[in-house]
Each structure stands twice: as structure tokens, then as C-alpha cells.
Amino acid sequence: MDIDKFHSMVARLELESARAPRQYRVKVAMLALLGFAILGLVLATVGFGLVALVGIAGAMLFTGGAALLLLLKLGKLLFLLAIPLWFTLKSAVQALFIRLPAPAGRDITRAEAPALFDALEDMRRRMKGPRFHHVLVVNEVNAAVVQRPAFGLVGWPRNYLLLGLPLLECVAPDEALAIVAHEYGHLAGAHGRFSAFIYRLRHTWGTVQAYMEHFQGWLGRLVLPLVRWYGPYFNAYTYVLARADEYRADAASAELVGPHSAAHALKRVNLIAPRYEQFLQHTYQRAGDEALPPRDLLQRWASEACTAAAEADMKTWLDGALDREGHFTDTHPTLRARLAALFEGAQVAAALPPALEGVPASQAWFGNALPGLRRELQEQWSMQVAEGWGERHAEVCKQRARLQELRAMPEPDRDARLELLRLALQLEPGNDLRAALAAFNAAYPAHAPGLYTEALARLDKDEREGLALLERAMEIDAEAIKPACERAYAYLCERKETEFAEEYAERWRRQDALEAGRA
């Protein structure tokens, strides 16, 4: 099912659910039963194969010579049947017991963080949910609850709590608890037993589809098309319930810590994420000057998190987040809608959260273990990026040498002049080269790469003249259409000019189809 069809179906189902919520839940329940029927078909097929093989072995054992004589007469036929049956059975059983990897992170114990586990235990008691089997600290601006079966599709589920250390460095303890409580609310059934069951079933079917991909032989050919047909319909029908459940999970977190802390947490997450991304971008820029990645990443982030970001930046980030839709599989409503469910009034939604007072959740929850956690995670990060960092450092050194070589040329030709300007834009972002690029294009007015480069420089300075330059580049050279449309689309989306941006997206699709037809 493609994205447009999925969106269309969800929109129709939302209206159906609003008109007749009880009947809609009955439909979802029937669809869930159909899913169990598909699983039953798989297990029954596997069981039939097992019974058939045991039956053949039993006949050989208890009928003696008659069975041996029959085997000699029909041996070839039985061999042709038994061999594929055995491999199908083996494939199915292996697939059912394949263990998908557990979430990765640094496992933390009660002995290391008693304050954290006291807070989690109080949350569990008040929300009447299951316990966490593992609490993992990760190097992400995120917090999540993950449930995994112990042994493939069979076995007891194991509950994992993932806590992003960069996030905890920037939120108050009650705000961090609100974030965790929202995720835990799904697991604990804060939105009702049926909805909690459907929530877990949505995640289970993702696991089921991953397992089914391991099925081989005729069983795979029978089951996989059925699962691939069922999955999108199940996701669409349960998406409507899941989106409504997000509001109930927010309400559960607000009941635990208070609506103000819950609202502040929702906003602060959308401010921390772009700030941390900006922080990482500045860190990666150091690759040009430093051969090795820094080993103090999280220590520097902790220091930076203590200082407030520029208010203009925070306002831009919050405004951009209020009405931003997630991926089509993301059931979370927009931030504005979630805040409106907690409080009434547009002014409340647009207001920035107050400055953080007191110690952040990282210090309150981890205490003396915090410095060690930072060291472990940043060392892991350094090792993970070391290879790419080194390659980038070597590339930048090579580019700088080439830039000096170009600048030493007494009379560079057209291509050398443009290469010099491009390298200068890339390696010396503080320099304003718009005038130099305009002069280049005045000298070579029909050169599409030069027009495209000047367009990028002007759009980076928020000059709409860059769009006109992109148009000229596309008129001159068809190969510039796709990259020019991509840049124009990104520029317009940043300014929420979605209708205008979609014109460039449609233009990109037409060009892509044209190029595919020529291939």
C-alpha cells in the first residue's frame, strides 16, 4: 500500500470511528482475530509437517516389513515429499525461534541509580503497570519503552526502558518522568485494556513480519503474500485508535506529574532535539582541523545544556514543531493538538517553557554515576565515528590543498574559477561570496553550474532571488532540474510554503520518471 492510499484510508477511517466508535472497535477486534487466524495457519501448517514426519517414522517402527516393502515401492515418491517438507519445517521452526536483537544501550542497575529506580517504581505503582526488565542509557535525545519476546514469537515479553542521556541533561526530573510516563502509559494500559492490547499487537505484528521474512520454500510463498497484504490494512485500522491513545497517554503523564510539567516536557523535547543536532553539526565541523573525534562530547554537551539557547532560535524551533506532521507511520498528533488537549488557548501553545531551575534529571537520577556514564557513552561514540571522521579529515585536507593550488593560478579558466568559488563556500562558510559568484555569472551567463552555485549561496542568506537563479539553471541544463527542485523544495518547506514547495516536488517526480524511461 503506497503512502497516498494509506493517508486516504486513515482519513476515511477517522470519520468512521468518530461516527460510530463502538462499531469501529468491533471491526478492529475482528481484524485482530483475522491476524491470529493467519498466525494459526502458519503454526498449523508447521504442525502438520511435524505430524506427517512423525507418522512416517511411526509407521516404519510399528509395521515392520510391510512398511519397509511399501517404502521400497514408493521410496522415490516419499523422498521427493519428505525432503522439501523437512526443509520447510526446519525453516518455519527456525523462523519462529529467531531472536531479534535486543535494544542496545548501557544497562544501569538500582545500585548505580537508586533515585531513578525509586521514581520508576513509584510510577509503576501509581499507573499499575508491569516492571522494566532492563533500563538502558543511550546517546540519543529520546526516551522509549520497547517490549520484546524472550524467544522469538514465543516466550515471555521483556520490557526495556531507553533513556537518552543528552535529553536528561536538559530537562527537570518531573519533566523527564512525564516523558517516560507517556511511553509507559501505552504499556500499562492507561487508555484501557482493549487499546493497550491493540497497541502491543501493532508492535507484535512488526515483529511477526520480520520473522515471516525468514520463511522459505512453499510455506514462505503461501504465507508471505498473506502477511504483506494484511499488515498495511491492520496498521491503517489500528492507526486511528493508536492516535487517540496518544492523547490518553499524555493525560496519564499529566496525572502523574501535573499538566504544566507534562506540557513543558512536550515543548522542551522539541527544543532540545534541534539544539543537539546543531551541537553535533558544529562538532563534526571540527573534522577539518582535528584528525581524531573529541572524547569529551557529552561533557561539552552537559556544559552547553546549562546555558539557555538564543530565544530567537528557540522560538523558531517551537513554531516549526507546533504543526509539524511526523512520518505517516507515526501515530503522534501534532504538538499543538497535544498541548491543546492539556490546556486551552493558542497563547499557551506558543509560549516558550520556563528556564530550567535546579538540577537536571541526569544529576537527580544518576547522581555519582553520571560522570562515568558520560565517559562510557562518549568513548563509544568516538569509536563509532572514528573511521568516518578520519576519512572526512583527509578529504578536507585534500580540498584545502586544492583551494590553495587554484588560488595560486595566475589566469584560471572558467571551470577552475567555479571550482575555487565552490571550495571557498564549502571550506570558508564565513566568507560572503555572493558578489564574486554574481560576477562569475555575468561573465558566463549561460553556465548552469555557476547559476546553481550562486542560487545556493543566496538561499542560504534567505534571498528569494536564489529561486530565480535555480529556474535559469534548469532552463539551461535538464540535469540541474532534480537537484534544483530539491533545494527549492527544502527552502520553501522551511518557510512553510507547502503549496509552492509541492510544485517543485511534482516537477522533480516528472523529471525522475522521464529519466527512468530513458534508462
Side-chain angles (χ1 to χ4, degrees), residues 104-106 137-142 164-167 169-170 272-305 309 313 317 373-409 412 415-434 436-437 440 449-450 452-461 466 479-480 482-491 493-494:
R106 202 284 199 179
V137 183
V138 296
N139 189 9
E140 300 174 8
V141 181
N142 190 25
L165 185 56
L167 174 64
E169 301 277 19
C170 304
I272 297 169
R275 187 179 180 189
Y276 188 65
E277 182 180 354
Q278 189 181 76
F279 168 78
L280 287 180
Q281 289 176 351
H282 292 160
T283 299
Y284 286 122
Q285 287 174 0
R286 295 167 59 180
D289 301 312
E290 301 173 13
L292 297 174
R295 303 185 69 87
D296 61 346
L297 179 82
L298 293 180
Q299 292 172 349
R300 288 190 301 105
W301 169 247
S303 299
E304 186 167 313
D313 287 340
W317 294 333
L373 287 173
R374 287 173 181 160
R375 283 195 299 271
E376 288 183 44
L377 293 182
Q378 64 196 12
E379 285 175 4
Q380 291 175 8
W381 174 83
S382 295
M383 289 188 292
Q384 290 170 355
V385 304
E387 182 177 356
W389 186 283
E391 292 174 354
R392 176 58 182 162
H393 178 73
E395 180 184 357
V396 170
C397 290
K398 183 178 179 180
Q399 289 174 340
R400 285 175 175 166
R402 176 58 177 166
L403 181 59
Q404 295 303 319
E405 179 183 339
L406 290 169
R407 282 175 171 164
M409 289 183 178
D415 292 342
R417 284 181 62 185
L418 183 58
E419 184 183 3
L420 187 155
L421 291 169
R422 283 180 165 175
L423 286 173
L425 275 176
Q426 183 177 346
L427 299 175
E428 301 168 354
N431 290 344
D432 186 354
L433 299 177
R434 286 173 292 176
L437 285 164
F440 175 88
Y452 179 79
T453 305
E454 184 184 351
L456 298 188
R458 295 196 178 279
L459 291 178
D460 287 341
K461 297 293 185 180
E479 291 186 1
K482 289 175 67 175
C485 286
E486 290 170 6
R487 185 62 187 90
Y489 179 84
Y491 173 82
C493 285
E494 288 173 2

Would you indicate whether the side-chain heavy atoms of [Y] and [X] approach each other to under 4.5 Å?
{"X": "Glu454", "Y": "Arg434", "result": "no"}
{"X": "Glu419", "Y": "Arg422", "result": "no"}
{"X": "Asn139", "Y": "Leu297", "result": "yes"}
{"X": "Glu140", "Y": "Leu167", "result": "no"}

Asp296 side chain to Leu298 main-chain N or O, any donor-acceptor pair under 3.5 Å?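 No; zero donor-acceptor contacts below 3.5 Å.
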Within the distance-only criterion (no hydrogens, no angle test), does the side chain of Gln378 pair as donor or acceptor with the backbone N or O of Gln299 below 3.5 angstrom?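 Present.
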Stepwise side-chain contact (heavy atoms from CB on, under 4.5 Å) check, Glu494 with Tyr489: CA-CA 9 Å; Glu494 288 173 2; Tyr489 179 84; over 6 Å; no
Can you tell me how far [atom2] of [Y] sits from [atom1] of [X], rounded to the nearest 0.5 angstrom?
{"X": "Leu437", "Y": "Arg417", "atom1": "CG", "atom2": "CZ", "answer": "10.0 Å"}
{"X": "Arg400", "Y": "Leu427", "atom1": "CZ", "atom2": "CG", "answer": "6.5 Å"}
{"X": "Asn142", "Y": "Ile272", "atom1": "CG", "atom2": "CD1", "answer": "11.5 Å"}
{"X": "Gln281", "Y": "Tyr276", "atom1": "CD", "atom2": "OH", "answer": "12.5 Å"}
{"X": "Arg275", "Y": "Leu280", "atom1": "CZ", "atom2": "CG", "answer": "12.5 Å"}
{"X": "Leu403", "Y": "Gln426", "atom1": "CG", "atom2": "CD", "answer": "10.0 Å"}

Which heavy-atom pair separates [X] from [Y] by the least distance, and what is that distance?
{"X": "Gly450", "Y": "Leu418", "result": "N-CD2, 3.8 Å"}
{"X": "Val138", "Y": "Ala104", "result": "CG1-O, 3.4 Å"}
{"X": "Pro293", "Y": "Ala386", "result": "CG-CA, 4.1 Å"}
{"X": "Pro294", "Y": "Trp389", "result": "CD-CH2, 3.6 Å"}
{"X": "His393", "Y": "Ala287", "result": "ND1-O, 2.7 Å"}
{"X": "Pro166", "Y": "Trp301", "result": "O-NE1, 3.0 Å"}

Could you tell me whether [X] atom [atom1] has more than 12 heavy atoms of other residues or ligands within 6.0 Å of it?
{"X": "Tyr491", "atom1": "OH", "result": "yes"}
{"X": "Gln404", "atom1": "CD", "result": "yes"}
{"X": "Arg375", "atom1": "CZ", "result": "no"}

Answer yes or no: is there an ion pair linking Glu169 with Arg300, defined by an N-O contact shorter than 4.0 Å?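 Salt bridge absent between Glu169 and Arg300.
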Could you tell me whether Glu405 and Arg402 make a salt bridge, using a distance below 4.0 angstrom between a side-chain N and a carboxylate O? yes
Just do the side-chain contact (heavy atoms from CB on, under 4.5 Å) check on Leu420 and Phe440 with the steps written out, would you? CA-CA 11 Å; Leu420 187 155; Phe440 175 88; over 6 Å; no
Could you give me the CA-CA distance, side-chain angles and deciding distance for Arg487 and Asp460, then say whether salt bridge (Lys or Arg N to Asp or Glu O under 4.0 Å) is met? CA-CA 10 Å; Arg487 185 62 187 90; Asp460 287 341; 3.2 Å; yes
What verdict does the salt bridge (Lys or Arg N to Asp or Glu O under 4.0 Å) test give for Lys398 and Glu395, after you've listed the backbone C-alpha separation in whole Å, the side-chain angles of each residue and the deciding distance to 0.1 Å? CA-CA 5 Å; Lys398 183 178 179 180; Glu395 180 184 357; over 6 Å; no
Donor on one side chain, acceptor on other, Ser382 and Arg295, under 3.5 Å: no
